[in-house]
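Just below is one structure, and these are the notes that go with it.
Quick note: numbers below take in every heavy atom, side chains included, and nothing from hydrogens, waters or symmetry partners. Bear in mind that the values here come from a model prediction, so they are computed numbers and not experimental data.
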Amino acid sequence: MAEADSLSPAFYARRGGARWDWWTVLHPPYTLWHLSYAAIGAALAPHLDWLILGATLVAFTLAVGIAAHALDEWNGRPLRTGISDRALWSAAIVSLAAAAALGIAVLPRTGLVLIPFVVVGVVLVLGYNLELFGGALHTDLGFALAWGAFPAAVGYVAQAPAFNSPRSLGAVVAVIAATALSAAQRRLSTPARMLRRRAVNVTGVVELADGSTMPLDKAALLNPLDGALKLLSYAVPAIAIAVLLSRVPHW
């Protein structure tokens with residue numbers, strides 16, 4: 001078991017007290033990654049309201065970055081932090097309530113079309129991370145739809161677009177792309193989590209065509225997975241910044 005415990009539970013995990021425990025629970029690279037989908041969705045709207053974009057990003061930071069991740073840590077302690085159950089639940093309840101309240105507060109600017117998305121957002125945070133409904137939402141497809149498609153769709157809808165606009169088709173493509181990227185994230189992170197958190201030992205040999213061999217161990221399997229996740233966690237926010245910059249007047 002010593003080898004399994006020698007690895008941190010995530011490539012961004014840190015140890016060193018409560019501050020770093022919260023850093024780890026908030027999953028900063030992944031939180032920024034999923035916030036980027038909301039930003040991309042907003043940038044595709046015919047008219048970009050920067051105030052609504054800011055509110056959208058704050059709401060997703062509260063709901064996903066804090067609430068969802070706090071509940072996920074409470075449900076099984078996958079990150080092995082020392083944060084108390086009470087602190088995790090307090091952070092989750094306050095953050096999720098604040099996110100929902102923010103969604104309601106912007107209704108005069110977004111229209112009532114946002115109400116179903118506020119409700120669905122609360123259901124996704126609770127249902128996915130607490131594995132409610134028999135774990136029906138806690139699947140690869142559930143992950144891709146909840147943390148990929150949903151932020152992109154909300155980012156666009158919150159801008160109160162005219163849905164007969166040609167840009168609506170672009171938003172649909174963005175939602176599909178966000179779903180695919182989140183599915184790819186899941187495909188990479190699932191075996192990475194297994195190796196970091198559950199695998200005790202990995203031994204093997206790769207035999208090459210020229211007769212030479214390469215040792216196969218945990219690092220050999222984990223490095224390309226973590227490497228791809230890190231690159232994607234940089235690339236998706238960079239794309240979001242690029243499309244937002246294209247909407248800055250006189251840029």
Side-chain angles (χ1 to χ4, degrees), residues 12 22-23 25-72 91-126 128-129 143-161 167 170-175 177-179 181-182 185 232-249 251:
Y12 46 83
W22 278 108
W23 165 272
V25 164
L26 298 180
H27 301 261
Y30 291 167
T31 296
L32 183 60
W33 183 340
H34 295 292
L35 287 175
S36 298
Y37 296 140
I40 292 169
L44 294 175
H47 303 286
L48 179 57
D49 185 326
W50 293 91
L51 180 61
I52 293 299
L53 171 60
T56 301
L57 296 180
V58 170
F60 271 103
T61 299
L62 292 167
V64 179
I66 300 177
H69 291 151
L71 292 176
D72 191 60
I93 292 171
V94 171
S95 298
L96 189 56
L102 187 56
I104 294 171
V106 300
L107 289 178
R109 295 177 73 109
T110 65
L112 298 181
V113 68
L114 194 62
I115 291 178
F117 289 88
V118 174
V119 174
V120 170
V122 173
V123 171
L124 288 176
V125 169
L126 297 176
Y128 181 88
N129 293 283
F143 179 90
L145 293 175
W147 314 131
F150 185 71
V154 172
Y156 182 78
V157 171
Q159 294 295 319
R167 286 181 175 268
V172 171
V173 174
V175 168
T179 304
L181 282 167
S182 287
Q185 177 188 354
L232 285 169
S233 73
Y234 304 146
V236 177
I239 293 171
I241 292 171
V243 295
L244 287 175
L245 287 176
S246 72
R247 300 301 304 274
V248 176
W251 182 261

Rounded at 0.5 Å granularity, tell me how far [atom1] in [X] sits from [atom2] in [Y].
X: Thr61; Y: Leu35; atom1: OG1; atom2: CG; answer: 4.0 Å
X: Leu124; Y: Leu145; atom1: CG; atom2: CG; answer: 9.0 Å
X: Leu32; Y: Phe60; atom1: CG; atom2: CZ; answer: 14.0 Å
X: Ile93; Y: Leu71; atom1: CD1; atom2: CG; answer: 8.0 Å
X: Ile52; Y: Gln159; atom1: CD1; atom2: CD; answer: 7.0 Å

What pair of heavy atoms forms the shortest contact from [X] to [Y], and how long is it?
X: Ala67; Y: Ala63; result: CB-O, 3.3 Å
X: Gly155; Y: Thr56; result: CA-CG2, 4.3 Å
X: Ala98; Y: Leu62; result: CB-CD1, 3.8 Å
X: Ser36; Y: Pro237; result: OG-CA, 3.1 Å
X: Ala153; Y: Val175; result: N-CG2, 3.8 Å
X: Pro151; Y: His34; result: CB-O, 3.7 Å

- prompt: With a 4.5 Å heavy-atom cut-off, do Leu126 and Leu96 have their side chains touching?
  reply: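 Heavy-atom side-chain distance check passes, below 4.5 Å.
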query: Do the side chains of Leu107 and Ile115 get nearer than 4.5 Å, heavy atoms only?
result: yes
- request: Using a cut-off of 6.0 Å, state whether more than 12 heavy atoms not belonging to Leu51 lie near its atom CG.
  value: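 Above 12, so yes.
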Partner set under ring pair (Phe, Tyr, Trp, His ring centres under 6.0 Å) for Tyr156, not counting sequence neighbours: none
task: Measure from the ring center of Trp147 to the ring center of Tyr30 and say whether it is less than 6.0 Å.
output: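 No, they do not, as the ring centres are separated by 6.0 Å or more.
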- prompt: How far apart are the C-alpha atoms of Thr110 and Asp49, what are their side-chain angles, what is the distance that settles it, and do they pass the side chain to side chain contact (heavy atoms under 4.5 Å, CB included) test?
  reply: CA-CA 10 Å; Thr110 65; Asp49 185 326; over 6 Å; no
Donor-acceptor pair, side chain of Arg247 and main chain of Ala45, under 3.5 angstrom: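 Checked: pair present.
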query: Is a side-chain donor or acceptor of Thr31 paired with a backbone partner of Leu26 at a separation under 3.5 angstrom?
result: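 Yes.
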query: With sequence neighbours excluded, what pairs up with Tyr12 under the side chain to side chain donor-acceptor pair (under 3.5 Å) test?
result: His27
task: Sequence neighbours left out, what passes side chain to side chain donor-acceptor pair (under 3.5 Å) with Trp33? Give chain and number order.
output: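 Residues passing side chain to side chain donor-acceptor pair (under 3.5 Å) with Trp33: Tyr37.
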task: Decide yes or no on side chain to side chain contact (heavy atoms under 4.5 Å, CB included) for Leu44 and Val173, but give the supporting numbers first.
output: CA-CA 10 Å; Leu44 294 175; Val173 174; over 6 Å; no
task: Go through the steps for Phe117 and Leu114 under the test side chain to side chain contact (heavy atoms under 4.5 Å, CB included), then give the verdict.
output: CA-CA 5 Å; Phe117 289 88; Leu114 194 62; 4.2 Å; yes
